[in-house]
Amino acid sequence: MSAHISIDSDGTWLVPDNPKIAFIQGDGIGTDIWPGARMVLDTAVAAVFSNQKKIDWVPVAAGADSFERTGKWLPEETLETMRSLKVAMKGPLATPVGDGIRSLNVQIRRTLDLYACIRPVRYYPPVPSPMKHPEQVDMVVFRENTEDVYAGIEWASGSRESRQLLGLLKTHLDCDLPGSCALGVKPMSPEKTKRLVKKACEYAFENNRKSVTLMHKGNIMKFTEGGFRRWGYETALESFGDRMITEDLLYEKYEGIVPDGHVVIRDRIADMVFADVLLKPEQYDIIACPNLNGDYISDALAAQVGGLGIAPGANIGQACAVFEATHGTAPDIAGKDMANPCSMILSGAMMLDHLGWHTAGDAVRKAVARALAGGRVTPDLAGRLTGAKEVSCTRFSHIIGEKLVAGS
């Protein structure tokens, strides 16, 4: 009998053998990739746990399909169900550009306080990559999900609010700005920065990673991104004591070699990070960053290993977690059964890890790797792989399922 996931008083997630988990199929290619992803995840759980565990999938509405049926892009009942069940899978959601509703993804993250966007990036051969050595890219991005310019505090050029704020800035803060300015606010706080960096450091220790790099633009934005840098160091050193060492100490005391059981905390300017991950990616392990930096760097890293089609992602808070495909809705190929399902499937593997079902998560990742290496892949990959055979989204999902069963 299925049951709800619960959280103990000490923050421990208590997962029953048959948990209820919400899912949003998504818009566009969401209808193509979700059925195969669900099949792969169910197959993994059944194979690894000999049918002793099973997920009870609960559908919830959001996006264009929800708007057509209910007049609401993101019904309150959907948020309540996700909050109650605590774990959800989500396909890509459409959001109009320009005037109108804000991003549904951002709204879900902020409403459910999913403060940590976690994006592991690694290479799966023989996926085509623009890099000479894509296998050197093995990083995890921790992006703060609730603050920065994504807070959505902005006003249009010429609006009453912009004129009022411009008056305040000119009169009381001596800011000389054109009267036609559109204005936005970039909030960043110590408490929200610290919980993000703490989670990144915990991940580093739990997964035997050697460094956490704070990515920021504090040389220009002294008090927001500069604050992120300062608060990041504070929480790393205060929360983990002498197990966390600075870069200076690494060379002064340890001759540049990270001792077992320790993690290096360091920082880099954002533009330097973009250059470094191309020139010396092996030097980066965990990257913790503010919201906008995280948006940019996670997609750039995904491109280095072959694209968003194989990039998983999770949005995790204290009391809820949502795992999602990191790409868009791709309306030009929606309904044609040709989309790459790997992002959704690999995000599902992250979900299995979150449930504590790591063996099943590992099995999914290995099956995806074997399927990609087999040469029968979706059109986005087949066109760039010599000798590859093009198959449908449905068929590729079944190939992954077959590899999973064969390798379990």
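Everything quoted here is computed from the prediction, not taken from an experiment.
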* Exercise: identify the closest heavy-atom pair between Y284 and K280 -> CD1-O, 4.0 Å
* Separation of K199 NZ from F142 CZ (nearest 0.5 Å) -> 7.0 Å
* Backbone N or O of E77 within a donor-acceptor pair of the T81 side chain at under 3.5 Å? -> yes
* Structure fact -> Here the gap from I108 atom CD1 to C320 atom SG, rounded to the nearest 0.5 Å, amounts to 9.5 Å
* To do: Determine yes or no for a side-chain-to-main-chain donor-acceptor pair under 3.5 angstrom, with T78 supplying the side chain and L74 the backbone.
  => no
* Which heavy-atom pair separates L104 from A94 by the least distance, and what is that distance? -> CD1-O, 3.7 Å
* Donor-acceptor under 3.5 Å (T31 side chain, G28 main chain) -> yes
* Asked: Checking K170 side chain against L177 main chain: does a donor-acceptor pair fall under 3.5 Å?
  -> yes
* Kindly indicate whether the side chain of E390, heavy atoms from C-beta on, has any atom under 4.5 Å from the side chain of V377. => no
* SB check D285 K210 (cutoff 4.0 Å) -> no
* To do: Work out which heavy atom in P75 is nearest to a heavy atom in A62; give both atom names and the distance.
  => CD-CA, 4.5 Å
* To do: Using only heavy-atom distances, determine whether the side chains of Q318 and Y115 contain a donor-acceptor pair under 3.5 Å.
  => yes
* Asked: For F274, does the CZ atom have more than 12 heavy-atom neighbours from other residues, nucleotides or ligands under 6.0 Å away?
  -> yes
* Is the number of heavy atoms from other residues, nucleotides or ligands within 6.0 Å of CZ (R384) greater than 12? -> yes
* S162-S159 side chain donor-acceptor pair, cut-off 3.5 Å -> yes
* Short N-O contact, R83 and E80, less than 4.0 angstrom -> yes
* **Donor-acceptor pair, side chain of T43 and main chain of G401, under 3.5 angstrom** => no
* Verify whether one side chain among D27 and T329 offers a donor that lies under 3.5 Å from an acceptor in the other. => no
* To do: Answer whether the closest heavy-atom distance between the side chains of V263 and V212 falls below 4.5 Å.
  => yes
* Given side chains that start at C-beta, do those of D32 and M338 come closer than 4.5 Å, heavy atoms only? -> no
* Asked: With a 3.5 Å cut-off and no angle check, do the side chains of S2 and D56 form a donor-acceptor pair?
  -> yes
* Indicate yes or no for a side-chain donor-acceptor contact from S239 to the backbone of T235 under 3.5 Å, with no hydrogens or angles considered. => yes
* Is the shortest side-chain N to carboxylate O distance from R110 to E147 below 4.0 Å? -> no
* So V121 and V137, side-chain contact (heavy atoms from CB on, under 4.5 Å) or not? Walk me through it. -> CA-CA 7 Å; V121 186; V137 179; 4.0 Å; yes
* Any M89 side-chain heavy atom under 4.5 Å of R38 side chain -> no
* To do: Measure the CG-CD1 distance between L250 and I245 for me, rounded to the nearest 0.5 Å.
  => 5.0 Å
* Are any non-hydrogen side-chain atoms of Y254 and H262 less than 4.5 angstrom apart? -> yes
* To do: Search all heavy atoms of W357 against all heavy atoms of P16 and return the closest pair with its distance.
  => CZ2-O, 3.7 Å
* **Side-chain heavy atoms of I21 within contact of M351, under 4.5 Å** => yes
* Chi angles and distances behind the salt bridge (Lys or Arg N to Asp or Glu O under 4.0 Å) call for E238, K198 -> CA-CA 10 Å; E238 290 170 0; K198 183 177 181 182; over 6 Å; no
* Structure fact -> OG1 of T146 to CG of D113, rounded to nearest 0.5 Å, is 6.0 Å
* To do: Let me know which of K186, H216, R230 forms a side chain to side chain donor-acceptor pair (under 3.5 Å) with E225.
  => K186
* Is any side-chain heavy atom of D362 less than 4.5 Å from a side-chain heavy atom of V48? -> no
* Stepwise, does the side-chain contact (heavy atoms from CB on, under 4.5 Å) test hold for L14 with I7? -> CA-CA 6 Å; L14 305 174; I7 301 176; over 6 Å; no
* Considering non-hydrogen atoms only, spot the tightest contact between N293 and K217 and give its length. => ND2-N, 4.3 Å
* Asked: Crowded around D10 CG? As in, over 12 foreign heavy atoms under 6.0 Å?
  -> yes
* To do: Would you please test V40 and L404 for side-chain contact (heavy atoms from CB on, under 4.5 Å) and show each step?
  => CA-CA 8 Å; V40 169; L404 195 155; 4.1 Å; yes
* Asked: Does a side-chain heavy-atom distance below 4.5 Å link K403 with I400?
  -> no
* Cation-pi between R243 and F205: NZ/CZ under 6.0 Å from ring centre and within 45° of the ring axis? -> yes
* **side-chain contact (heavy atoms from CB on, under 4.5 Å) assessment of D17 paired with Q52** => CA-CA 7 Å; D17 287 341; Q52 297 300 306; 5.8 Å; no
* Sidechain N-carboxylate O distance under 4.0 Å for E247, R268 -> yes
* Quick check: are there more than 12 heavy atoms from other residues, nucleotides or ligands sitting under 6.0 Å from CZ of F223? -> no
* **R266 to Y233 six-membered ring, cation-pi geometry met (6.0 Å, 45°)** => no
* Would you verify whether the NZ or CZ of R122 falls within 45 degrees of the ring axis of Y124 while also being under 6.0 Å from that six-membered ring's centre? => yes
* Ignoring hydrogens and angles, tell me if any N or O in the side chain of R143 forms a donor-acceptor pair with the backbone of N291 under 3.5 Å. => yes
* Asked: Is it true that the side chains of N340 and D380 contain a donor and an acceptor less than 3.5 Å apart?
  -> yes
* Asked: Is it true that the side chains of D42 and W57 contain a donor and an acceptor less than 3.5 Å apart?
  -> yes
* **CZ on F228 to NZ on K192, rounded to 0.5 Å** => 14.0 Å
* Would you find a donor on one side and an acceptor on the other, under 3.5 Å apart, between the side chain of D267 and the backbone of L214? -> no
* Give, for atom CE of M350 and atom CG of D353, the distance between the pair rounded to the nearest 0.5 Å. => 7.5 Å
* Full working for salt bridge (Lys or Arg N to Asp or Glu O under 4.0 Å) between D299 and R119 -> CA-CA 9 Å; D299 281 13; R119 295 275 296 272; 3.2 Å; yes
* N/O donor-acceptor pair under 3.5 Å between T193 side chain and P190 backbone -> no
* Asked: Is a side-chain donor or acceptor of S129 paired with a backbone partner of M131 at a separation under 3.5 angstrom?
  -> yes
* On the 0 to 90° scale, with breaks at 30° and 60°, tag the W13-H354 ring pair as parallel, tilted or perpendicular. => perpendicular
* Structure fact -> In terms of heavy-atom contacts, P92 and I33 come closest through CD-CD1, 4.1 Å
* Ion pair present between R69 and D65, side-chain N to carboxylate O less than 4.0 angstrom? -> yes
Solution key, residues 307-316 side-chain donor-acceptor pairs under 3.5 Å, sequence neighbours excluded:
from: N315; atom 1: OD1; to: R109; atom 2: NE; distance (Å): 3.3
from: N315; atom 1: OD1; to: N145; atom 2: ND2; distance (Å): 2.7
from: N315; atom 1: ND2; to: E324; atom 2: OE2; distance (Å): 2.9

* Heavy-atom neighbours of K72 NZ exceed 12 at 6.0 Å -> no
